[in-house]
Amino acid sequence: MRDAVTSLIKNYDVAGRYFDRNAIDSLKSYFESGTARVQAAGAINSNAAGLVKQAGLRLFEELPELIRPGGNAYTTRRYAACLRDMDYYLRYATYALVAGNTNVLDERVLQGLRETYNSLGVPIGPTVRGVQILKDLVKEQVLAAGVANTAFVDEPFDHITRELSEKDI
Ligand SMILES: CCC1=C(C)/C(=C/C2=NC(=C\c3[nH]c(/C=C4\NC(=O)[C@H](C)[C@H]4CC)c(C)c3CCC(=O)O)/C(CCC(=O)O)=C2C)NC1=O
């Protein structure tokens, strides 16, 4: 598992090089955004269950067929599994936000996930929509916590979306 700093060190060590201008700029930007990242994590932690619940409600309102007979989130067991997945996405996205790196998502969440979803018939499109709804709710929450520029919050959620949507060639 890597963060912004360890990943940079790894790349420069492989090349046997001192940090150059690019490296210094990226370190600066990581440390300058540090307080905002920690604030974002705090804002998420203070209402994680609420965010997941809200995102689920919004998703099922948009796509009610998911929770009707024949839908993948139909039955309380599968409904609960769906919300639990959203909770995983939120928790690991929070780790990635603090780390300033999406590596934790690749290692702990996304590896083999598409295959699992495909074999269980969990629909990717609606899952991606759920992640995007979660992102929007998190950004509102982070903004309300006093972080003016919330653009950095997009990265881990968009990473999940991108990796899940990627098609086999
Ligand atoms: C920490 C990393 C991690 C992830 C990400 C994870 C996901 C994950 N989601 C699963 C199931 C599932 N995931 C969903 C999710 C949904 N169905 C829908 O219609 C919605 C679109 C969506 C919610 C947004 C559902 C319903 C199941 C149960 C499917 C079934 O058993 O038939 C399963 C199969 C095993 C199980 O049921 O627990 C895994 C492994 N597990 C992990 O350990």
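Whatever order the structure lists them in is the order used to number ligands and atoms, beginning at 1. Residue numbers start at 1 and run along the sequence shown.
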For side-chain hydrogen bond (donor to acceptor under 3.5 Å, both in side chains), just list the numbers for Glu155 and Thr102, CA-CA rounded to whole Å, side-chain angles, deciding distance to a tenth of an Å, and then say yes or no. CA-CA 8 Å; Glu155 194 187 11; Thr102 52; 5.2 Å; no
Could you tell me the residue and atom name of the protein heavy atom closest to atom 22 (C) of ligand 1, and the distance to it rounded to 0.1 Å? Cys82 SG, 2.9 Å
So how far is it from Phe19 CZ to Tyr12 OH, rounded to the nearest 0.5 Å? 8.0 Å
Which is closest to atom 4 (C) of ligand 1 by heavy-atom distance: Tyr74, Tyr88, Phe60? Tyr88
Note: ligand 1 atoms sitting under 4.0 Å from heavy atoms of Ala73 are 19 (O)
Starting at CZ of Arg77, measure out to CZ of Arg84 and round the result to the nearest 0.5 Å. 9.0 Å
Can a side-chain donor-acceptor contact be found between Thr6 and Arg2 if the only test is distance below 3.5 angstrom? no
Are more than 12 heavy atoms from other residues, nucleotides or ligands located less than 6.0 Å from atom CD of Glu62? yes
Less than 4.0 Å is my threshold; does some heavy atom of Arg84 fall inside it relative to ligand 1? yes
With sequence neighbours left out, the residues meeting side chain to side chain donor-acceptor pair (under 3.5 Å) with Gln141 are Asn47
Given that the side chain starts at C-beta and the backbone is N, CA, C, O, which of these parts of Leu83 lies under 4.0 Å from ligand 1, counting heavy atoms, or is it both or neither? neither
Would you call Arg58 and Asp136 a salt bridge, taking side-chain N to carboxylate O under 4.0 Å as the test? no
Relative to atom 29 (C) of ligand 1, which among Met86, Arg78, Arg108, Glu65 owns the nearest non-hydrogen atom? Arg78
Taking atom types as modelled, is there a side-chain donor on Asp85 or Tyr117 under 3.5 Å from an acceptor on the other? yes
heavy-atom search around atom 34 (C) of ligand 1 in the protein gives Leu120 CD1, 3.3 Å
Give yes or no for whether the N/O distance cutoff of 3.5 Å, strictly under, is met between Thr116 and ligand 1. no
Are there over 12 heavy-atom neighbours, none belonging to Phe152, within less than 6.0 Å of that residue's CZ? yes
Interfacing atoms of ligand 1 (cut-off 4.0 Å, heavy-atom, Tyr92): 1 (C)
of all protein heavy atoms, closest to atom 31 (O) of ligand 1 is Arg77 NH1, 3.1 Å
Would you say Pro126 touches ligand 1, if touching means a heavy atom closer than 4.0 Å? yes
Using heavy atoms and a threshold below 4.0 Å, how should the contact between Thr127 and ligand 1 be classified: side chain, backbone, both, or neither? both
To which protein heavy atom is atom 28 (C) of ligand 1 closest, and what is the distance rounded to 0.1 Å? Ala81 CB, 3.7 Å
Just jot down the ligand 1 atoms closer than 4.0 angstrom to any heavy atom of Leu66, in number order. 19 (O)
Under 3.5 Å side-chain donor-acceptor pair for Arg78 and Tyr74: no
Option of least heavy-atom distance to atom 8 (C) of ligand 1 (set: Asn72, Asp85, Val52): Asp85
Should the proximity of Tyr79 to ligand 1, defined as any heavy atom under 4.0 Å, be assigned to the side chain, the backbone, both, or neither? neither
